[in-house]
Amino acid sequence: MGNESESLSNFIEDIIGNDIRNNKNGGNVVTRFPPEPNGYLHIGHAKSICLNFGLAKKFNGRCHLRFDDTNPVKEDIEYIHSIQEDVTWLGFDWGEHLHYASDYFEKLYQYALELIKSGKAYVCSLNADDIRKYRGTLTEPGRDSPYRNRSVEENQELFVNMKNGTFSDGEHVLRAKIDMSSGNLNLRDPALYRIRKTSHHRTGDAWCIYPMYDFTHCLSDSIEEITHSICTLEFENNRPLYDWVLNELNTPCHPQQIEFARLSLTHTIMSKRKLLQLVQEGRVSGWDDPRMPTISGLRRRGYTPESIRDFCDRIGVARSDSVVEHAALESCIREDLNKRAMRAMAVLNPLKVIIENYPRDLTEELDAVNNPEDPEMGSRKILFSREIFIEEEDFMENPPKKFFRLFPGQEVRLKHAYYVTCTGFRKDEKTGKVTEVHCTYDPATKGGWSQDGRKVKGTLHWVSASHFTSGDVRLYDHLFSVPNPEGDSSGKVFTDFINPDSLMVIKDAVLEKGLAGAAPGDRYQFERQGYFCADIKDSVPGKPVFNRTVQLRDSWAKIMKSGKENE
RNA sequence: UGAGGUGUGGCCAAGCGGUAAGGCACCGGGUUUUGGUCUCGGUAUUCCCAGGUUCGAAUCCUGGCACCUCAGCCA
């Protein structure tokens with residue numbers, strides 16, 4: 001890894017660079033990636049992972065993986081496993097620094113006691129509804145809770161009893177005593193601890209009170225001696241609270257919170273809640289459905305870690321809200337796979353071609369280059385015979401202008417094989433569908449070359465009709481048919497925009513024989529079509545199943561499309 | 001109408017007072033046994049708007065406008 005060229009520096013690197021120059025934090029750089037284990041990681045997280053681990057690498061520091069597991073009702077061990085797998089797959093290593101906020105529960109509890117002792121926190125016995133009413137609104141200040149002035153002793157006793165399970169959920173809450181009239185609502189005596197009589201996936205029933213994000217995150221950062229705590233823009237309003245907690249308490253250090261814009265991608269969604277909904281409602285096959293923007297979905301789709309890292313590099317890091325076009329992601333995987341994917345021929349919608357002057361009982365072995373971009377990948381043998389399959393769309397009875405594939409009288413090249421000329425075809429009288437095409441071949445063009453210098457405009461991929469393997473091919477498209485599925489202008493919800501054609505399954509496609517040996521996860525370019533990956537769950541040698549990662553650029557399709565639009 | 005942010009081509013994004021990088025997308029030429037790749041060229045007289053400072057402003061100042069975030073005992 002790491003062959004990505006050093007991307008242009010961003011504002012965060014500038015800040016850290018300055019800090020190092022000023023010997024802040026003794027010149028150390030320690031970052032962290034702090035996911036909550038309540039869902040699978042997605043491409044937006046990849047941006048954060050690349051940023052945090054990338055910064056650590058660039059400045060010779062380290063990056064921790066820390067699970068922000070303070071809400072047992074939403075979290076699960078399954079997510080802890082998947083997150084570690086995904087970060088590792090992306091190519092990053094947290095070394096010894098795998099941490100859990102839950103490991104700090106005791107320390108956090110002591111800090112809370114300290115805050116109570118100094119009169120900066122109190123137990124509030126208002127119910128959730130009343131707390132909201134007392135909070136005021138965006139434009140009106142809030143009012144002090146009637147419990148705001150309980151004595152330190154009373155607060156201590158109450159809090160200890162909260163911890164001991166004396167009370168039930170929602171009866172009390174520990175609050176910071178800050179400023180009920182602050183313009184920043186986060187400072188209007190935010191809740192620090194709540195009672196939750198739920199077992200935690202790691203601490204079991206050891207606790208019945210759980211700390212809130214604002215209390216936990218800054219202290220966890222400080223405990224781990226994080227120097228730069230990087231998060232997304234929506235936490236900007238929480239920064240004053242982050243700083244308040246660290247200022248009021250006696251902590252190891254005071255990390256600097258820096259916010260950047262989260263990633264949005266067109267034609268998909270990034271909300272974990274909505275992705276979970278897609279999974280739960282069975283709209284997709286799971287978190288790792290190849291249409292999902294999750295790391296596991298992209299992996300199954302055939303994306304490489306390198307391509308995702310390159311993408312994160314290209315999109316940059318800034319503070320303005322942005323929506324990156326999905327085409328930018330596709331460009332990255334095409335560039336990567338063009339260089340490394342083995343070529344193969346596969347016919348998705350077969351149309352039989354009979355080469356009339358080719359001997360009936362002859363089978364030839366022909367050489368096919370594995371990757372024209374990389375001679376070191378060598379070549380393979382492919383089988384040719386009198387009857388072959390070509391792509392249905394590569395033949396037209398009445399072609400439009402500039403169609404240089406097969407049609408009556410036209411000569412084309414069969415890739416790696418021969419020049420053939422169409423002499424006729426058969427059609428189903430009822431459907432009007434072409435059922436077979438007849439050609440003659442020129443024996444002097446073996447390999448696809450003509451000694452007489454005769455040029456041919458079209459080159460088709462093909463597979464011998466008596467030498468092939470069959471397998472299912474899954475053609476994926478955008479999960480959503482509109483660029484911004486979140487748009488609720490017309491009262492529609494995101495599921496209304498699900499693309500009904502996001503998955504098209506081709507049963508028993510005609511595949512070059514060698515493809516029978518594809519191992520799960522193997523990636524190929526099917527000539528003239530796109531990049532495909534043998535499914536890591538469903539593909540087995542001998543009966544392969546391929547997922548289309550991305551199509552090749554198709555300027556012919558573009559011409560046809562714009563032609564239709566201009567009609 | 002409170003507080004905090006952001007506005008540079010279709011989409012990202014550099015730029016930090018010296019005369020608009022780069023990528024994606026798009027358009028056109030060339031090469032090509034993938035209508036792929038590669039390659040060459042084109043695409044912002046202008047940086048949300050209006051004033052001002054300056055020899056000189058996307059960069060500094062003033063005033064507007066637009067958009068985003070915040071009223072969970074979620075993170």
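Lettering of chains follows the sequences in order, A, B, ..., and the numbering in each one begins at 1. From a predicted model like this one, the values you see are computed outputs, not experimental measurements.
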I'd like a list of close polar pairs between nucleotides 26-31 of chain B and the protein, N/O only, cut-off under 3.5 Å.
| unit_1 | atom_1 | unit_2 | atom_2 | d |
| --- | --- | --- | --- | --- |
| B/C26 | OP1 | A/Lys558 | NZ | 2.8 |

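Closest to the A/Asp554 side chain, of the nucleotides B/U34, B/G35, B/A75, is B/G35. When distances are taken from the side chain of A/Glu234 to each of B/U69, B/C68, B/U34, the shortest belongs to B/U69. When distances run from any side-chain atom of A/Asp14 to the nucleotides B/G23, B/C16, B/A75, the shortest one goes to B/C16. Across B/U37, B/G35, B/U6, the shortest atom-to-atom separation from the side chain of A/Phe404 is found for B/G35.
Regarding A/Asn238, its CG atom lies at a distance of 13 Å from the C1' atom of B/A3, rounded to whole Å. Taking atom CG on A/Asp129 and atom P on B/A71, their separation rounds to 15 Å, with Å as the unit. In this structure, the CE atom of A/Met180 is 14 Å from the P atom of B/A71, given to the nearest Å. For the pair A/Glu335 CD and B/U39 C1', the interatomic distance rounds to 15 Å; values are reported in whole Å.
For B/U1 and B/C68, the P atoms lie 15 Å apart once the distance is rounded to whole Å. Going from the P atom of B/C11 to that of B/C55 covers 37 Å, rounded to whole Å. Straight-line distance between the P atoms of B/C67 and B/U62: roughly 24 Å, to the nearest whole Å. For the P atoms, the distance linking B/C24 with B/C38 amounts to 9 Å, nearest Å.
Cation-pi geometry between A/Lys415 and A/Trp462 is not met at under 6.0 angstrom from the ring centre and within 45 degrees of the axis.
A/Tyr418 and A/Phe384 have their aromatic ring centers within a separation under 6.0 angstrom.
Taking the six-membered ring for Trp and thresholds of 30 and 60 degrees, A/His45 and A/Phe33 have ring planes more than 60 degrees apart, a perpendicular arrangement.
Applying the 90° criterion around 0 to the glycosidic angle, B/G72 comes out syn.
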